[in-house]
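In what follows, every chain begins at residue 1, and chains take the letters A, B, ... in the order their sequences are listed.
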There are 2 protein chains.
Amino acid sequence: MQISPLEEYGLRCLIQVVRCQGDRNPVTIRRISEGEGLSMAYVGKLLFQLQKAGLVQGTRGVQGGYKIAKDPQVLTVGEIFRALNSLDEVCDKYTGDFESCVHAGTCGIKPMWDKLAQQMYGFLDKITLAEVAGPRLAAAAAEATRQDVPA
Amino acid sequence: MQISPLEEYGLRCLIQVVRCQGDRNPVTIRRISEGEGLSMAYVGKLLFQLQKAGLVQGTRGVQGGYKIAKDPQVLTVGEIFRALNSLDEVCDKYTGDFESCVHAGTCGIKPMWDKLAQQMYGFLDKITLAEVAGPRLAAAAAEATRQDVPA
DNA sequence: CCAATCCTTTACTTTTAAGTCAAGTATATA
DNA sequence: TATATACTTGACTTAAAAGTAAAGGATTGG
């Protein structure tokens, strides 16, 4: 029960994407890689996965890069987590030496895990990417609404 | 952000220990191993770790085994989790290619992780081992108060 | 249409956590 | 006090996740 690398770095990459919203071009893997101190290969992999989940949109070629595909004021950290995690159930995952869990049917702890997940996502689904992207966002958003007038 | 094997199986072993409270002898690794479908080696390792955390007390030799070391009506799932996890902070753990995190000092997401942990443990610290050990506990507790009169 | 940029995709290596093995120590009972 | 039981402990192996490498496919601009 702790934040995984995927969750931490995936969120951080998304924040970078959001903060570059106002820029003339979409933000590149290279730029994010430099900004976060991660390898380009790794950032590429993360963003590709986030694209498959529809959170981000990549365009190839010169002046390509990634841009956000959902409104950051609506997109929540909870949704981002779900995009990054395989959501396999404990009951199928922790079966010991057997095919299926010994406690299937009479399990006292599954309801607790479910409530815990509810609690967690109840919390994370209330935090938007915009909020966590922090103070720089307001400025970036303002830039963006200027219709990208070239300097 | 999901239940780890340590957490799932550790809790399940503890539940077994609690449920055997009323028995004449402390419960053995063998017995738990059979009950949960886990190897004896693994159960041994789990319980040993829980003993180091003071949640359980093992006695060696014939008629030895494990018994609970804290009142199950007071011991919470939160405390059990803390006993099973290394509690290293994300800031020290996810530093990318650098020695320390690029965002140290100006990090917008750390406060969120902290609040999330608060939420989680706020929930888990309210659930006692007795509660999650379930219906069989009442019977076991009754047995235990009979002062272990030999059959 | 050539070359540079930049994302896409799959295969591979490394690291970390999970889970096993085996030798050791303590205890109870005959 | 010998023996079987049962926890203890550290080293080892395996499996899963993290992270890397490299070749391929689009796109822009000259």
### Query
NA contact type, Gly44(A), heavy-atom cut-off 4.0 Å: base, sugar-phosphate, or nothing?
nothing
### Sidechain N-carboxylate O distance under 4.0 Å for Lys93(B), Glu8(A)
no
### Nearest-0.5 Å distance, CD of residue Gln16(A) to CD1 of residue Ile29(A)
13.5 Å
### Query
So, do Gln73(A) and Leu129(A) sit near enough that their side-chain heavy atoms are less than 4.5 Å apart?
no
#### Entry: Residue-level proximity of residues 2-10 of chain B to DNA chain D when a heavy atom falls under 4.0 Å
none
### Query
Is Lys126(A) reaching over with its side chain to a backbone N or O of Gly122(A), donor-acceptor style, under 3.5 angstrom?
yes
### Query
Whole Å only: how far is the CD1 atom of Ile29(B) from the C1' atom of dC7(D)?
6 Å
### Task
May I ask you to decide if the ring planes of Phe81(A) and Trp113(B) are parallel, tilted or perpendicular, using 30° and 60° as cut-offs?
tilted
### Message
Is any side-chain heavy atom of Ile3(A) closer than 4.5 Å to one of Leu116(B)?
### Response
yes
Report all side-chain donor-acceptor pairs from residues 54-64 of chain B shorter than 3.5 Å, counting only partners two or more places apart or in another chain.
none

### Message
Measuring only between side-chain heavy atoms, which start at C-beta, is Leu38(A) closer than 4.5 Å to Val43(A)?
### Response
yes
### Query
When rounded to the nearest 0.5 angstrom, what is the spacing between CD in Glu36(A) and OH in Tyr9(A)?
9.0 Å
### Query
Counting N and O atoms only, with roles assigned by atom type, does the side chain of Glu131(A) sit under 3.5 Å from a partner on the main chain of Thr128(A), one being a donor and the other an acceptor?
yes
#### Entry: Interface limits on DNA chain C, where chain A has a heavy atom under 4.0 Å of a nucleotide atom
dA4(C) to dT9(C)
### Query
Once you round it to whole Å, what is the distance between P of dT9(D) and CG of Leu46(B)?
16 Å
### Query
Residues from residues 87-104 of chain A sitting under 4.0 Å of DNA chain C, heavy atoms only?
none
### Message
If I take atom NZ in residue Lys52(B) and atom C1' in nucleotide dT9(D), what distance separates them, rounded to the nearest angstrom?
### Response
9 Å
### Query
Between Ile32(B) (CD1) and dA6(D) (C1'), how many Å, whole number?
12 Å
### Task
May I ask you to say what Val43(B) touches in the nucleic acid, namely base, sugar-phosphate or nothing, with a heavy-atom cut-off under 4.0 Å?
nothing
### Query
When hydrophobic residues are tied together by side-chain contacts of less than 4.5 Å, even through go-betweens, does Ile109(A) share a cluster with Val102(A)?
no
### Query
Under 3.5 Å, is there a donor-acceptor pair between the side chain of Arg30(A) and the main chain of Met40(A)?
no
### Query
To the nearest 0.5 Å, what is the distance between CD (Glu7(A)) and CD (Gln2(A))?
10.0 Å
### Task
For nucleotides 21-30 of chain D, just jot down a letter per nucleotide in 5' to 3' order: B, S or -, based on protein non-hydrogen atoms under 4.0 Å.
B---BBBBS-
Under 3.5 Å, which protein N or O atoms sit close to an N or O of nucleotides 10-15 of chain D? Give each pair with its distance.
none

### Task
Using whole Å, report how far OH of Tyr66(B) lies from C1' of dT5(D).
14 Å
### Query
Does any N or O in the side chain of Asn85(A) come within less than 3.5 Å of the main-chain N or O of Leu87(A), such that one atom is a donor and the other an acceptor?
no
#### Entry: Basic-acidic side-chain contact under 4.0 Å: Asp23(A), Arg31(A)
yes
### Message
For the CD1 atom of Ile32(A) and the OH atom of Tyr42(A), what is their distance to the nearest 0.5 Å?
### Response
13.5 Å
### Leu38(B) vs Gly58(A), nearer the 5' end of DNA chain C by closest nucleotide
Gly58(A)
